[in-house]
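By convention in this document, chain letters (A, B, ...) are assigned in the order of the sequence lines, proteins followed by strands, and residues within each chain are numbered from 1. These numbers were taken from a predicted model, which means no experiment stands behind them.
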There are 2 protein chains.
Amino acid sequence: MGMGRPRAFDADAALDRAMDVFWRHGYEGATIAQLTEAMSINPPSLYAAFGSKEGLLKAALDRYTEKRDAWMDRVVSAATAHEVAERFLMEHADAQTDPANPPGCLLVQGGLACGTGSANVPFELAARRTRTEDQLRERFVRAKAEHDLGESVDPATLARYLSAVTSGMCVMASSGANRETLREIAAVSLKAFEEQTKP
Amino acid sequence: MGMGRPRAFDADAALDRAMDVFWRHGYEGATIAQLTEAMSINPPSLYAAFGSKEGLLKAALDRYTEKRDAWMDRVVSAATAHEVAERFLMEHADAQTDPANPPGCLLVQGGLACGTGSANVPFELAARRTRTEDQLRERFVRAKAEHDLGESVDPATLARYLSAVTSGMCVMASSGANRETLREIAAVSLKAFEEQTKP
DNA sequence: AGATATCTGTAGTGTTCGCTACAAATGTGG
DNA sequence: CCACATTTGTAGCGAACACTACAGATATCT
């Protein structure tokens, strides 16, 4: 028995193209026609490989999360909690205004509210955002154990604050805010972080 | 010549219902069927009164902005810039978790990214968000003139920062963050505001 | 080479979308 | 009461949606 005709397209490259479409138009705003054209494949190939539009999104999110995890690993590898926060904020400002990608972040632009047929999409995106927040919190827990952060500091609050600020920066980026503007916001937020961590 | 059959529904009440649907499902996720059912009218009545789905959104946004302006007037009427920031942040935390409304804010949940056919919807929402930011900035300009804020303070940066934080709170609210959580974020942000305004 | 298994492209499927034609209903002005 | 203007409910329009049946193409395995 044979193994069948091999796939003629690179799945990861296709996912990168799909990611861009979801990012730019949101989950519901992205049509199969747009996706297949961007991926340079036909609908049957898409459905054979990813099952459904939602399956394609999840595959694209997996790939997105993969890259993001690698980035977060570098961020939390900074020596101090303060430097973690600084890198996290500043590199977010840069990433969200990187001309290589649509503005903002896929996990936010992908869709905060969806129709009844796609109700679990916002859920899925929220779960991935929470993951980043968790990574930050764990890093701050460690910083506390290492006496890099004081006893009175709440790692969860710090992580949530940074997560909220970067989400807000996504909203600003989607409205056309430029890199300078986002960096200013990041700088002010970093001041808050400093104030929060040394009383 | 007569004046025609009078409208049998209250347009403002209908807009409130439509607002809720757009808020909960986003512009693209909201269907005419859902809207008409929520508004307790039939499609022809909707189109006679508001022209199109996008026209309905704009009418709902006008009504939303009306209420929001009244609220912002109260916020900026606070005696000091610090108190303005505090009210703005804290009341945002409360409003975004008010069980009377869907989580977050219509101007964010309405849609950051849309399909090609609705490309100006995110634009429209962004314009309304900018309005709030403008109101804050103007208030801080005044505070600077009154020597309530120091010479080195940039009103635009402060306004953008507060706007970004509340947008980020919207994202958190749509992920299920509760009032306590948002208030914590608001509290940390207020610390940043304080730090930014007295160097 | 032959049988088998999977992919690819064409050309659709049924459903739902935003939107509207039409006639009956209901008000005003003469 | 009658002509007129506008709204309302029913029913359905064309277009676009996510998705797929099918046949031909291309690989592997014996």
If you look at every strand shown and take non-hydrogen atoms under 4.0 Å, does A:Phe9 touch a base, only sugar-phosphate, or nothing? sugar-phosphate

Taking every non-hydrogen atom, the tightest pair across A:Ala49 and A:Phe9: CB-CZ, 4.2 Å

Relative to the 5' end of DNA chain C, which residue comes earlier, A:Ile41 or B:Ile32, by the nucleotide with the nearest heavy atom? A:Ile41

Compute whether any side-chain donor of one residue and acceptor of the other, for A:Asn178 and A:Thr181, lie under 3.5 angstrom apart. yes

How many whole angstroms separate atom CD of A:Gln34 from atom C1' of D:dA18? 13 Å

Rounded off to whole Å, could you give me the CG-to-C1' distance for the B:Leu35 and C:dT16 pair? 15 Å

Proximity to the side chain of B:Thr31 - top-ranked nucleotide from D:dT8, D:dC19, C:dC17: C:dC17

Between B:Tyr47 and C:dT20, does any side-chain N or O lie under 4.0 Å from OP1 or OP2? no

Ring pair (Phe, Tyr, Trp, His ring centres under 6.0 Å) evaluation trace for B:Phe22 with B:Tyr64: CA-CA 12 Å; B:Phe22 282 132; B:Tyr64 184 82; over 10 Å; no

With nearest nucleotide decided by heavy atoms, which residue, A:Glu54 or B:Arg5, maps closer to the 5′ end of DNA chain D? B:Arg5

By the 4.0 Å heavy-atom rule, please label B:Pro43 as base, sugar-phosphate, or nothing. base

Provide, to the nearest angstrom, the distance between the CE atom belonging to B:Met39 and the P atom belonging to D:dT7. 14 Å

Taking atom types as modelled and ignoring hydrogens, do the side chains of B:Ser175 and A:Arg129 form a donor-acceptor contact shorter than 3.5 angstrom? yes

Here the distance between atom P of C:dT8 and atom CZ of A:Phe50, to the nearest Å, is 11 Å

Does the side chain of B:Thr65 come under 3.5 Å of the side chain of B:Arg131 through a donor N or O and an acceptor N or O? no

Is there a side-chain contact between B:Ser45 and the phosphate of D:dT7, meaning an N or O under 4.0 Å from OP1 or OP2? no

In whole angstroms, how far is the P atom of C:dT16 from the CD atom of B:Glu28? 19 Å

On DNA chain D, does the nearest nucleotide to B:Ala8 precede the nearest nucleotide to A:Pro44 from the 5' side, or the other way round? Give the residue. B:Ala8

Roughly how many Å is it from CG in B:Asn42 to P in C:dA24, rounded to a whole number? 17 Å

Quick one: B:Lys53 NZ to D:dA16 P, roughly how many Å, whole number? 15 Å

Using whole Å, what does the distance between atom C1' of nucleotide C:dA3 and atom CE of A:Met3 come to? 16 Å

